[in-house]
Amino acid sequence: MPFIYKKRLINLTINGDNYEVLTYPNKTLLEVLREDLKLTGTKEACDSGECGTCTILLNGKPVRSCLILAIEAEGKEIITIEGIGKGTELHPIQQAFIEHGAIQCGYCSPGMILTAKALLDENPSPTEEEIKIAISGNLCRCTGYNKIVKAIESLSSERKEHSYGRT
Amino acid sequence: MRLPYFDVIKITNISELLENLGKEDANVKILAGGTDLIPRLRYRLLSPSLLLSIKELTELKGINQNSSFLEIGAVTTLKELISSPIVSSHFKAVKEAAESVAAPPIWNMATVGGNICQDTRCLFYNQSPFWRKEHPPCKKAGGEKCLVIGKGQKCFSVYQGDLAPALMAFNSKIEIIKNKSTKTIEIEDIFSGRGDAPLSLSLNEFLSKIFIPFAGKCQVGSAYEKLRLRKALDYPLISVAAVLLYDKESNVLDLNLGYSGVGPKPFLLKKSIEFNKRINEFPSDLIKDITAEVLKKSQMVNNLFVPATYRREMIPIFTKKAIDRAWKQLNSNF
């Protein structure tokens, strides 16, 4: 008897939009984002939940999309890096990263920026230690992390270099 | 790497879970946070045909308390555990252990039950199929012998869970559900001591709740220390949870030490001594006796990122670090 690989129709809410996706149950959210929906801002690197390049926001919390099955993300609000700007206008975190030299190759940046967004949404005035703990799950081989921490610090509501609101 | 094909059922209540676990010819695995299972599936270390996703099983979520113990649902996330004021104030070592796991995005996904029930690990086992095909299968992968020591019937893969030693040091119990019955056991009893089959759970049993007893009239000091190469992301190379419980009436100090990263299962060491408020430091000769006992019980080989000799040397150092911090917290109560 030939084995039957069955697909399922699922609905995903991504960056405020609804997507109907026909996919296999063993597909991860990362694979569906990148391959089915061509939202390639979220990156694939280690595939084991360590590096953080696949980080997206699920109901506002940073999670590893390489470890979540796409069908498990139904009914949840998914935010990817594509969803945080407004058209051609960069999000304040993206602007701060550019101004502080916190992006070199850019591969860690989507995950890093979303983790920073989740931190600042929950804690608008994080200390340097709190920032380092929050981004401890996002690896960067280029920058040495210093400028990334400075960029996030500049958005602290106490510093007021940028106006950062809950967007 | 792609995951192997499997079907998924989203479980919404315990009866549905039991019904699907109980099917005779089912090749079934429970999927909670997925932070341990999904990487192992990717490496083709196991190939279930069906996953039971319990992420939305609200019956097994949440932290509740009564006058005697704290009750934690197995599907409670590490983030919920870390954020709990009761865990922070009464079970500091448990909070420190949870905070030492991986990184914040993993805390949002990983569950307490999953962290306890995680599989054992070894440099020769947790590798891709491409890597492993260059060697005969190890004992844990269904082969005949351990590839680390090159002989023997024993698997030396390492239990590297962070929560278990801290929960054991607090004398925790767990509830196991099978068919329609439940049983409550000491948390140590879930670990078989066999690297190739680390849990003493049959196919249709699952861990549902964790109970941590309050210290009652005892004063408490606790701490968790973890040997790791990086400050985040790493599993413990060895780790120690120290819980000091002082009973003022009898003037007895109970010392509970939970260890992880020291063999195929975590273990607990218990000592009772007469308390002396005047001494500033925990007696060093007692730490020497304790670590001699730990080294005798531990089964470490060269299957992690640092040699076993180094990990053995670190046991007395990390034991002292954990006890010193627990002692400091206890003494701050006086």
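Residue numbering restarts at 1 for every chain, and letters A, B, ... go by the order of the sequence lines. The structure presented is a predicted model; accordingly, all values stated were derived computationally and were not measured.
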*asked:* Under 4.5 Å from any heavy atom of chain A, what part of Leu3(B) do you find: side chain, backbone, both or neither?
replied: both
*Do the charged groups of Arg8(A) and Glu74(A) touch, with an N to O distance under 4.0 Å?*
no
*Give a yes or no on whether a salt bridge exists between Lys76(A) and Glu56(B), defined as a side-chain N under 4.0 angstrom from a carboxylate O.*
yes
*Can you say whether Leu139(A) sits under 4.5 Å from chain B via the side chain, the backbone, both, or neither, judging by heavy atoms?*
side chain
*Which one, Ile71(A), Thr55(A), Leu58(A), leads in non-hydrogen pairs under 4.5 Å with chain B?*
Ile71(A)
_Contact winner vs chain A - Lys55(B), Met109(B), Arg42(B), heavy-atom pairs under 4.5 Å_ = Arg42(B)
*Top contributor to chain A interface from Leu37(B), Leu41(B), Leu51(B), Ile38(B) [non-hydrogen pairs under 4.5 Å]*: Ile38(B)
*Part of Tyr24(A) lying under 4.5 Å from any heavy atom of chain B*: side chain
*Which atoms of Ile4(A) approach chain B - backbone, side chain, both or neither, heavy atom under 4.5 Å*: backbone
*Salt-bridged, Lys328(B) to Asp324(B), with N to O below 4.0 Å?*
no
*Max heavy-atom pair count under 4.5 Å with chain A, selected residue of Lys10(B), Met1(B), Arg2(B)*: Arg2(B)
*Examine whether an atom of Lys6(A) lies under 4.5 Å from a heavy atom of chain B, and if so say whether it belongs to the side chain, the backbone or both; otherwise answer neither.*
both
*In plain terms, say whether Glu50(A) and Arg230(B) are close enough for a salt bridge, that is, a side-chain N and a carboxylate O under 4.0 Å apart.*
yes
*Give, as side chain, backbone, both or neither, the part of Lys79(B) having an atom under 4.5 angstrom from any heavy atom of chain A.*
side chain
_Between Thr120(B) and Lys140(B), do the side chains contain a donor N or O and an acceptor N or O under 3.5 Å apart?_
yes
*Consider only side-chain N and O atoms of Asn15(A) and Thr80(A), and report whether a donor and an acceptor are under 3.5 Å apart.*
yes
*asked:* Does either side chain, that of Tyr224(B) or that of Asp162(B), offer a donor lying less than 3.5 Å from an acceptor on the other one?
replied: yes
